[in-house]
Amino acid sequence: MNRTQGRLWAAAVAALCAGATAPSGALNGASERAAALRHDPRFILEAVARRMGIRLRPEVPLPAIRLESRTPLARLQAAAEREWGFRPRAFVSVYAPAGNAIYLIDDATHYRRHGGTPDDSLAHEFVHYLQAAYRRDALDADWVESEAVSVQTWFRSEYMAPKRLAARPAPRARPETGR
């Protein structure tokens, strides 16, 4: 990667990270306080790509990250209808390849009830992004979900375990820039 490509890649990753970490007003009945990402999305994407043996390339467009707390349910429903022909009644975490967007639940109550974190959920959706954008896998194959769950579980144990978090301070998230 030459310097110009490196700068373009850094700018694209900065844009990816810009709207993905700071909590804001609740939408879709989400709790008033969104669960913030502990790690920068760039860190999560790079860790997942390394685990999958994929070399990230600056010419491959990064997905937008649409947080539940900032995304109207109707926007997710429209994307899901275009992708899969149905409209979910509640917000779900999903990668929509046609729009190259990750829709991510960031409701703290959701994670308290069901376990996990927004970070490992984002890792899961990044697996689907890498499967589609880099390997051109058919996302309707049974094994793609198994791979995503496997990498998500690995990410959770590697980067989200309390002992690991205490030993390794997380990169600070960038503030929202109006995306």
Is any side-chain heavy atom of L76 less than 4.5 Å from a side-chain heavy atom of V92? yes
Do E125 and H128 get their side chains close enough for a donor-acceptor pair, meaning under 3.5 Å? no
Between D120 and H124, is any pair of side-chain heavy atoms under 4.5 Å apart? no
Listed partners of W154 passing ring pair (Phe, Tyr, Trp, His ring centres under 6.0 Å), at least two apart: Y159
Residue pairs passing the salt bridge (charged side-chain N to carboxylate O under 4.0 Å, His left out) test with at least one member in residues 139-152, sequence neighbours excluded, are R135-E147
So which heavy atom on F126 is nearest to which on P63, and how close? CE2-CG, 4.0 Å
With distance as the sole criterion, is a donor-acceptor pair present between the side chains of N100 and Y95 under 3.5 Å? yes
Taking the side chain as C-beta and beyond, is there a heavy-atom pair between F91 and L104 under 4.5 Å? no
Do P41 and I65 make a side-chain contact, defined as non-hydrogen atoms from C-beta onward lying under 4.5 Å apart? yes
For a 4.5 angstrom cut-off between non-hydrogen side-chain atoms, does L45 reach L62? yes
Side-chain donor-acceptor pair under 3.5 Å between R112 and T109, yes or no? yes
Evaluate the side-chain proximity of Q131 to M52: yes if any heavy-atom separation is below 4.5 Å, no if none is. yes
Ring-plane angle category for F86 and W84, please: parallel below 30°, perpendicular beyond 60°, tilted otherwise. tilted
Quick check: does any side chain N or O of Y134 sit under 3.5 Å from a backbone N or O of A49, one acting as donor and the other as acceptor? no
